[in-house]
Amino acid sequence: MNKRFFYLVLASCLSFVASAHKTDTISVSAAGYLPTDMNVTVITPDTPKPADGFNTVYLLNGFGGDNNSWTIVRPDLGEWADRYGMVFVLPSGMDTWYWDAPANPDVRMESFFTEVLVPYIDSNYPTNPTAQHRAITGLSMGGHGGLWLGLRHPDIWKNCGSTSGGVDIRPFPERWKMKEALGAKDENPELWDAYTVTTLVPTLKPGVNNIIFDCGVDDFFADVNNNLHQALVDAKIPHDFISRPGAHNNPYWRNALPYQLWFFQTHFEEAEN
């Protein structure tokens, strides 16, 4: 066997090993919660399962996206699953902003996550079913969802984040179908106040969640993320906030995710001690 052929074979074998994770696309029944069942992509690492199960990261898509969105942003998600020994759960956000919609009783996405999806994942995949070993984050609408769900349910997600998130919806009353969930802003201002991440800050206590969020300086959500950061500083809520060059697009999100995964992994490891 000549050396060139040997190295080609070796490279192929290493590539196979590096991508030995398992990817499932499943449908989870959402009867009574959503108009249709939910498609979910689950990526499981091909590494030895810890005694208590794998850490889990829920990755939420943005408006107009679905359970495939993050695999487009980061086609190498499986390699990250193997690297950190994480299960990635990619639900379909269905343009719901991850709310139980007060103006649309047929949409109960928050309840679906907490009452159906998380128990389903923990029952069917080798996860560690504790809040300290779960994280949730997302991009754009999913960034709002990551913080909305994580901050409201720290008993489920101790770790939460957002990238380019719509963390204050109130400056955008005509966008992204939000008024279908909340009603028109001028007719329902109290709902628009109550259903935005920034107004959760006064309810938070230091150390309950491990929080990370970021936004590009050229993003149309830059100002609301900067404001959330300042509100958390004023409330003395520990968090990591990153403002870096970039806009509201795949290249920015592709670059942002590894920082968040490192943050979550650090806190998963701390939970072991």
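The side chain to side chain contact (heavy atoms under 4.5 Å, CB included) test with V73 singles out one residue from L59, N61, L139, and that residue is L139.
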Decide side-chain hydrogen bond (donor to acceptor under 3.5 Å, both in side chains) for S164 and D219; before the verdict, give the C-alpha distance in whole Å, the side-chain angles of both, and the deciding distance to 0.1 Å. CA-CA 7 Å; S164 303; D219 196 306; 3.3 Å; yes
Could you walk me through whether T56 and N128 pass side-chain contact (heavy atoms from CB on, under 4.5 Å), step by step? CA-CA 7 Å; T56 311; N128 184 325; over 6 Å; no
Determine, step by step, whether Y259 and L261 satisfy the side-chain contact (heavy atoms from CB on, under 4.5 Å) criterion, reporting the C-alpha distance in whole Å, the side-chain angles of both residues, the deciding distance to 0.1 Å, and the verdict. CA-CA 6 Å; Y259 294 89; L261 295 181; over 6 Å; no
For R170 and D193: C-alpha separation, side-chain torsions, deciding distance, then whether salt bridge (Lys or Arg N to Asp or Glu O under 4.0 Å) applies. CA-CA 7 Å; R170 294 170 296 180; D193 287 339; 3.1 Å; yes
Go through the steps to decide whether D234 and Q230 satisfy the test side-chain hydrogen bond (donor to acceptor under 3.5 Å, both in side chains), and finish with yes or no. CA-CA 6 Å; D234 293 344; Q230 190 59 54; 2.9 Å; yes
Kindly determine whether T163 and C215 satisfy side-chain contact (heavy atoms from CB on, under 4.5 Å), including the steps that lead there. CA-CA 6 Å; T163 184; C215 195; over 6 Å; no
Decide side-chain contact (heavy atoms from CB on, under 4.5 Å) for K185 and K179; before the verdict, give the C-alpha distance in whole Å, the side-chain angles of both, and the deciding distance to 0.1 Å. CA-CA 7 Å; K185 182 185 174 187; K179 64 182 179 182; over 6 Å; no
Going through the distances and angles, do E110 and H153 end up as a side-chain hydrogen bond (donor to acceptor under 3.5 Å, both in side chains)? CA-CA 10 Å; E110 181 175 358; H153 302 279; 2.6 Å; yes
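Between the side chains of S92 and N67, a donor-acceptor pair is found at a separation under 3.5 Å. A donor and an acceptor atom, one from each side chain of W192 and N188, are nowhere located under 3.5 Å apart. A side-chain N or O of S111 and one of D100 form a donor-acceptor pair less than 3.5 Å apart.
Between T44 and P126, the shortest heavy-atom contact is CG2-CG, 4.3 Å. For the residue pair P154 and A131, the shortest heavy atom distance occurs at O-CB, 3.4 Å. Taking both residues in full, the closest heavy atoms of P171 and V224 are given as CG-CG1, 4.0 Å, listed atom of the first, atom of the second, then distance. The minimum heavy-atom distance between L257 and W70, with the atom names listed, is CD2-CZ3, 3.8 Å. The minimum heavy-atom distance between G166 and I169, with the atom names listed, is O-CG2, 3.9 Å. Across every non-hydrogen atom of L77 and F88, the tightest pair is O-CE1, 3.3 Å.
Taking the centre of each ring, Y195 and W148 come in below the 6.0 Å mark. Residues W99 and H144 bring their aromatic ring centres within 6.0 Å. Ring to ring, Y252 and H248 are not that close: their centroids are 6.0 angstrom or more apart.
To the nearest 0.5 angstrom, T266 atom OG1 is 10.0 Å from N210 atom CG. With values rounded to the nearest 0.5 angstrom, E269 atom CD is found 8.5 Å from Y84 atom OH. To the nearest 0.5 Å, atoms NE2 (H21) and CG (D46) are separated by 9.5 Å. Atom CH2 in W253 sits 5.5 Å away from atom OG in S140 (nearest 0.5 Å). How far CG of D66 is from OG1 of T41: 8.0 Å, rounded to the nearest 0.5 Å. How far NZ of K177 is from CG of N104: 11.0 Å, rounded to the nearest 0.5 Å.
Salt bridge R244/D214: present, at least one basic N to carboxylate O contact under 4.0 Å. Between R134 and D122 a salt bridge is recorded (basic side-chain N to carboxylate O distance below 4.0 Å).
Contact of the P91 side chain with the F112 side chain is not registered, since no non-hydrogen atoms from C-beta on lie closer than 4.5 Å. Contact annotation: the side chain of L182 never approaches that of W97 to less than 4.5 Å [non-hydrogen atoms, C-beta and beyond]. The closest side-chain heavy-atom distance from I26 to V28 is below 4.5 Å. Between M86 and P45 the shortest side-chain heavy-atom distance does not fall below 4.5 Å. Between T71 and L90, some side-chain heavy-atom pair lies under the 4.5 Å cut-off. Side chains of D168 and L228 form no contact here, defined as non-hydrogen atoms less than 4.5 Å apart. Put simply, the side chain of T203 does not reach to within 4.5 Å of the side chain of L151, judged on heavy atoms. Within the 4.5 Å cutoff, the side chain of V89 has heavy atoms near those of the V40 side chain.
One hydrophobic cluster, built from ILVMFWY side chains closer than 4.5 Å, holds both W262 and I43. Linking ILVMFWY residues whenever their side-chain heavy atoms come closer than 4.5 Å, directly or via other members, leaves W80 and V42 in distinct clusters. At a threshold of 4.5 Å between side-chain heavy atoms, the hydrophobic network of Ile, Leu, Val, Met, Phe, Trp and Tyr places V233 and F241 in two separate groups. Linking ILVMFWY side-chain heavy atoms closer than 4.5 Å, directly or via other members, places L60 and L200 in a single hydrophobic cluster. In the hydrophobic clustering of ILVMFWY residues, with side-chain heavy atoms under 4.5 Å counting as a link, M141 and L34 come out together.
More than 12 heavy atoms of other residues, nucleotides or ligands shown are found within 6.0 angstrom of CZ on F63.
Under the 3.5 Å distance criterion, the side-chain polar atoms of N209 are matched with a main-chain donor or acceptor of W157. For the pair Q260 (side chain) and G161 (backbone), a donor-acceptor distance under 3.5 Å is absent. One N or O on the side chain of T199 and one on the backbone of T196 form a donor-acceptor pair closer than 3.5 Å. In this structure, D95 contributes its side chain and G64 its backbone to a donor-acceptor pair below 3.5 Å. Under the 3.5 Å distance criterion, the side-chain polar atoms of K158 are matched with a main-chain donor or acceptor of V208. Proximity of a side-chain donor or acceptor of D106 to a complementary backbone N or O of Y33 within less than 3.5 Å is not detected. Remark: the backbone N or O of Q265 is not paired with any side-chain donor or acceptor of H267 at under 3.5 angstrom. Counting only distance, with no hydrogens or angles, the side chain of T127 and the backbone of N55 share no donor-acceptor pair below 3.5 Å.
In this structure, F220 and F172 have perpendicular ring planes: the angle between them is above 60°, well past the 30° mark. Using bins of under 30°, 30° to 60° and over 60° for the plane-to-plane angle, the ring pair H133/F268 lands in the parallel bin.
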